[in-house]
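Notes for the one structure printed next.
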Amino acid sequence: MSFFKSVAANSSAFTPREATIAMMQSSPCRVLSRRTCSTLRINTSVNLLYFRGSSSVKVFSFLNIAHYSIYSGEEFCSSSKRRSRGPVMAAKKASQGQKEEEGRYKHTVDLPKTTFGMRANALAREPEIQKLWDDHQVFKRVVDKNDGGNFVLHDGPPYANGDLHMGHALNKILKDIINRYKLLQNYKVHFVPGWDCHGLPIELKVLQSLDQDARKDLAPLKLRAKAAKFAKATVKTQMSSFQRFGVWADWNNPYLTLDPEYEAAQIEVFGEMALKGYIYRGRKPVHWSPSTRTALAEAELEFPEGHVSRSIYALFRMVSSPSTKDGLFEEFFPDLCLAIWTTTPWTIPANAAVAVNAKLQYAVVEAKSFLEDVSISAGNKKRRLGNVLKEPKKPFFIVAYDLVPTLEAKWGIKLIIKKLFLGSDLENWRYVHPINNRECPVVIGGDYITTDSGTGLVHTAPGHGQEDYVIGLKYGLPIYSPVDDDGKFTEEAGEFSGLEVLGDGNIAVVKYLDEKMSILMEESYEHKYPYDWRSKKPTIFRATEQWFASVEGFRQAAMDAIGHVKWIPEQAENRISAMTSSRSDWCISRQRTWGLPIPVFYHVTSKEPLMNKETIDHIKSIIAQKGSDVWWYMKVEDLLPDKYRNKASEYEKGTDTMDVWFDSGSSWAAVLGKRGSLSFPADLYLEGTDQHRGWFQSSLLTSIATKGRAPYSSVITHGFVLDEKGFKMSKSLGNVMDPRTVIEGGQNHKDAPGYGADILRLWVSSVDYTGDVMIGPQILCQMSDIYRKLRGTLRYLLGNLHDWKVESAVSYHELPMIDQHALFQLGNVVKNIREGYENYQFFKIFQIIQRFVIVDLSNFYFDVAKDRLYVGGIASFTRRSCQTVLAAHLLSLARVIAPILPHLAEDVWQNLPFKYTLKDGSIAEFVFESKWPALNEKWLTLPAEEIDFWGKVLES
């Protein structure tokens with residue numbers, strides 16, 4: 001007995017839902033897959049999947065079984081019977097060893113037909129598509145047609161100093177995905193690409209290309225000409241790479257920070273800040289790079305692992321007390337010392353005070369017997385006792401009470417506590433400087449003095465530390481910094497003159513102190529230490545005359561503005577808030593040639609600066625016309641406004657240039673504020689997480705100082721790109737992936753195949769960019785496999801719509817229930833993908849598409865639709881109803897994947913077998929002219945029982 005007859009005979013034993021599921025699970029031919037549908041038609045004249053106007057749950061109304069057949073009775077007898085004979089006869093002849101005549105039954109099967117290739121052939125096809133876009137100016141064309149308002153994603157400028165890396169690819173592709181989505185949403189998208197063209201990175205590239213003699217003979221203007229030439233050439237190279245990624249932008253009108261109009265806008269920002277009192281010149285300690293001979297901003301520092309400093313515990317002998325506290329330490333004189341700890345012994349010559357915490361408890365201790373031999377070194381933690389501890393009679397010294405046990409263990413000596421007191425009791429006591437013998441005070445420091453490390457007493461040199469500088473101002477201490485631009489001691493340092501402070505100078509100071517019985521212990525200390533991010537060499541803190549932006553003057557306004565910006569991810573707000581609230585005044589001057597000059601003149605005699613509205617405006621107008629080179633080739637009298645020309649001989653031009661972060665941080669003014677198609681503030685900034693202390697912050701500070709508001713409404717940050725094992729990419733590890741190689745392939749295409757830009761873009765969409773992301777050969781291979789399946793799905797859709805016409809569409813209410821459910825799924829998919837784009841969660845879109853294409857479409861709907869499409873009859877209702885659904889899927893999928901995979905989407909669109917007409921009657925010739933798929937509310941009104949039923953079908 002056949003399965004259907006069995007079910008019919010015992011139908012009372014099943015509920016409709018149970019009967020359907022039982023059939024699916026029991027039938028050897030799996031009715032839903034319809035592998036042997038021809039036989040099923042003969043036996044049952046039933047098709048469970050294609051009922052119209054009836055619930056799928058009630059399909060087993062076997063008394064009316066004929067009513068639900070795909071075909072009418074006559075059609076079934078004449079057509080279905082005839083069609084089913086072909087495979088049977090073919091099998092019979094094959095078993096008898098007979099050859100079937102070629103093409104004999106070809107006319108009975110409607111197979112897919114399409115010009116859309118199975119293989120992407122991305123290395124050839126993607127450039128063809130990009131040329132198509134360029135030839136027809138598609139980006140401009142779509143922007144001009146859209147009328148849904150402006151969307152401005154402001155591009156953070158990369159340095160024009162080398163080839164692009166994978167971080168650049170992640171950044172620009174994320175931006176392009178957003179922009180393309182906004183285009184489909186009918187926005188007028190304005191994306192102006194930018195480049196940072198000034199500063200040390202480019203100057204170093206130029207200098208590295210010259211020999212030693214050429215460097216010495218290089219005049220400032222020649223250096224600037226070479227730097228400009230190098231920067232422009234690099235911009236051209238990087239621009240080509242970005243375009244190959246498939247990024248759409250106004251490539252013909254980028255912004256470069258070296259352009260005269262940009263420089264003039266930057267001078268304007270500087271002038272506004274200066275006139276508001278936010279710019280000042282002062283002698284303060286700044287991060288100084290001896291290797292590049294310039295001041296650095298905090299954003300120009302990096303803190304590599306593994307730095308080891310030569311730390312010392314040193315003694316400063318106390319000599320006198322304030323009159324109110326004469327008897328406090330009387331019994332310990334003249335052998336009482338202050339014990340300090342420092343990781344920068346070279347700053348001891350500049351010592352001006354010792355700072356303590358007023359609230360901490362301190363102790364006078366006496367050194368007794370040794371506990372152990374601490375001269376033995378253990379790995380990196382090398383220790384050496386000073387000469388003073390080897391003497392029979394050891395001095396008393398003062399340390400924080402809580403640190404006594406720690407110091408006992410570290411120094412290996414027994415410490416006897418002789419007296420306890422508060423740090424406030426030490427204020428204004430005097431000690432003798434261990435090198436120059438001058439008397440210096442004990443002062444009260446801040447909360448930075450703790451018992452986490454050291455001795456609880458802090459060596460204070462206002463010329464070599466920010467906290468030291470603040471304390472120095474409070475107590476009127478000298479700001480002493482006997483170190484030159486090369487990081488060498490000056491003559492003020494006496495016998496240490498000419499020695500490098502980070503080298504022989506450091507060693508010499510330690511040796512001198514030990515000979516003077518002032519070293520308790522020397523110890524190697526591994527910690528984070530600031531390095532110049534360009535030269536990769538250590539920096540120092542050094543007091544110099546510099547120009548500063550007074551962040552304190554508008555810090556609170558900046559903090560308030562941060563709270564009104566949407567930060568993605570949310571924790572980014574905490575990060576930039578912490579950095580902004582704690583940052584010191586911004587050192588904006590640099591001692592370099594390649595940059596925008598600070599527009600200031602100095603009086604030849606008094607050195608007083610001349611900088612006011614008249615001088616700034618005059619220089620701005622000259623630079624706007626001729627560029628910043630004028631500062632080097634024009635005379636002072638020509639650079640001064642008429643009001644001051646008769647006094648030109650009394651002034652000289654300043655030689656400092658602006659920090660490159662001030663350059664890029666002014667882009668909102670030079671780009672958003674000067675180009676008519678753009679608007680301020682930008683809708684979105686998107687950069688790496690390191691820009692919280694870089695571009696995000698410099699842009700915020702300049703904008704708040706001049707405009708009183710943030711230059712952005714929303715900010716997205718992404719992580720760094722690591723290899724697929726989670727390691728940082730580096731040439732030494734050999735794990736660097738070049739985005740160009742990923743796209744075009746390496747020299748050996750077998751080991752390094754060229755995947756094309758869309759595979760790289762698919763990878764970008766697959767990762768949660770809010771943290772660090774990984775990429776490597778295995779990951780790219782997985783992306784390629786997913787892309788291939790998606791392309792196969794789109795090819796299937798195209799092939800089965802080769803004869804499709806819009807007028808052949810079946811109305812929604814006439815569609816069989818399986819087709820209505822397919823549209824229900826599609827509607828939800830499009831809706832959820834839109835939410836993913838709106839929330840910038842592209843990895844969720846990747847997951848939705850992957851599941852929908854592979855599981856819901858390929859493994860189910862396409863499988864059960866083949867009979868309708870191939871043997872259902874060209875003009876049959878069942879074929880047309882199925883094609884109606886396929887057309888909806890094709891048009892929707894092509895558009896929802898377009899922001900991520902624009903080449904694939906456009907390739908599909910150019911192979912559409914029919915024209916897509918917009919609401920205004922025009923033809924969408926390109927996929928981005930088609931707009932985002934409109935939500936069809938009818939598709940989402942499927943009854944709950946149908947949703948539940950088909951959910952179980954898909955799960956079975």
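A salt bridge is absent between Lys131 and Glu128; no separation between the charged side-chain nitrogens and carboxylate oxygens falls under 4.0 Å. Between Asp819 and Arg868 a salt bridge is recorded (basic side-chain N to carboxylate O distance below 4.0 Å). Using a 4.0 Å cut-off between charged nitrogen and carboxylate oxygen, Asp176 and Lys172 do not count as a salt-bridge pair.
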So Asn859 and Asp863, side-chain hydrogen bond (donor to acceptor under 3.5 Å, both in side chains) or not? Walk me through it.
CA-CA 6 Å; Asn859 290 356; Asp863 199 29; over 6 Å; no
Test salt bridge (Lys or Arg N to Asp or Glu O under 4.0 Å) on Glu835 and Lys844 and set out the steps.
CA-CA 9 Å; Glu835 288 179 6; Lys844 289 187 177 180; over 6 Å; no
Salt bridge (Lys or Arg N to Asp or Glu O under 4.0 Å) between Asp803 and Arg879, worked out:
CA-CA 11 Å; Asp803 59 343; Arg879 177 174 167 82; 2.9 Å; yes
Taking it one step at a time, do Arg791 and Asp907 satisfy salt bridge (Lys or Arg N to Asp or Glu O under 4.0 Å)?
CA-CA 10 Å; Arg791 187 178 182 88; Asp907 204 2; 3.2 Å; yes
Before giving the answer on side chain to side chain contact (heavy atoms under 4.5 Å, CB included), spell out for Asp768 and Phe842 the whole-Å C-alpha distance, their side-chain angles and the decisive distance to 0.1 Å.
CA-CA 8 Å; Asp768 181 358; Phe842 309 127; over 6 Å; no
Would Arg788 and Asp785 satisfy salt bridge (Lys or Arg N to Asp or Glu O under 4.0 Å), going step by step from the backbone distance to the final call?
CA-CA 5 Å; Arg788 188 172 62 253; Asp785 186 52; 2.3 Å; yes
Go through Asn171 and Lys175 one step at a time and tell me if the side-chain hydrogen bond (donor to acceptor under 3.5 Å, both in side chains) criterion holds.
CA-CA 6 Å; Asn171 178 265; Lys175 292 173 181 176; 2.9 Å; yes
Using the side-chain hydrogen bond (donor to acceptor under 3.5 Å, both in side chains) rule, take His136 and Glu925 through it: C-alpha gap first, then chi angles, then the decisive distance, then the call.
CA-CA 10 Å; His136 292 83; Glu925 296 181 30; 5.6 Å; no
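Dense packing is recorded around NZ of Lys113, with more than 12 heavy atoms of other residues, nucleotides or ligands lying under 6.0 Å away.
Side-chain atoms of Arg895 come within 3.5 Å of backbone atoms of Lys931 as a donor-acceptor pair (strictly under, hydrogens ignored). For Gln883 (side chain) and Ala809 (main-chain N/O), no donor-acceptor pair under 3.5 Å exists by modelled atom type. In this structure, the side chain of Trp763 engages the main chain of Met774 through a donor-acceptor pair within 3.5 Å. The backbone N or O of Tyr187 lies less than 3.5 Å from a partner atom in the side chain of Asn146, making a donor-acceptor pair. Distance alone, capped at 3.5 Å, is enough to place a donor-acceptor pair between the Gln820 side chain and the Tyr812 backbone.
Separating the CD atom in Glu929 from the OG atom in Ser922 is a distance of 7.5 Å, to the nearest 0.5 Å. Atoms CD1 and CD1, on Ile845 and Ile900 in that order, are 5.0 Å from each other to the nearest 0.5 Å. Here CG of Asp758 is found 11.5 Å from OG of Ser784. Values are rounded to the nearest 0.5 Å. Rounding to the nearest 0.5 Å places CD of Glu126 at 8.5 Å from CD of Glu744. Taken from CH2 in Trp950 to CE in Met817, the straight-line distance is 9.0 Å, to the nearest 0.5 Å. Within the model, atoms SG of Cys882 and CG of Asn800 stand 7.5 Å from one another, a figure rounded to the nearest 0.5 Å.
Between His821 and Phe824, the ring planes are tilted. Angles from 30° to 60° get that label. Between Tyr837 and Tyr181, the angle of the ring planes stays under 30°, which puts this pair in the parallel group of the 30/60° scheme. By the 30° and 60° cut-offs, the orientation of the rings of Trp804 relative to Phe914 is perpendicular. Using bins of under 30°, 30° to 60° and over 60° for the plane-to-plane angle, the ring pair Tyr916/Trp909 lands in the perpendicular bin. The aromatic rings of His889 and Tyr861 lie parallel to each other, with less than 30° between the two planes, well short of the 60° mark.
When all heavy atoms of Arg761 and Phe245 are compared, the closest pair comes out as NH1-O, 3.1 Å. Shortest non-hydrogen contact noted between Asp250 and Pro193 is O-CD, 3.6 Å. Closest heavy-atom contact between Pro913 and Leu798: CD-CD2, 3.9 Å. In plain terms, the two heavy atoms of Phe191 and Val247 that are nearest each other are CE2-CG1, 4.4 Å.
Proximity of Tyr796 to Leu857: side-chain heavy atoms (C-beta onward) are nowhere separated by under 4.5 Å. The shortest side-chain heavy-atom distance between Asp738 and Val742 does not fall under the 4.5 Å cut-off. The side-chain heavy atoms of Arg740 and Ser241, taken from C-beta on, include a pair separated by under 4.5 Å. Side-chain atoms of Glu906 and Trp133, non-hydrogen and from C-beta on, do get closer than 4.5 Å to each other. For the pair Val896 and Pro933, the minimum side-chain heavy-atom distance is below 4.5 Å. Residues Arg795 and Pro112 have side chains not in contact (no heavy-atom distance under 4.5 Å, counting atoms from C-beta outward). The closest side-chain heavy-atom distance from Leu780 to Met737 is below 4.5 Å. Looking only at side-chain heavy atoms (C-beta outward), Phe151 and Lys188 stay at 4.5 Å or farther from each other.
The ring of Trp248 has its center closer than 6.0 angstrom to the ring center of Phe139.
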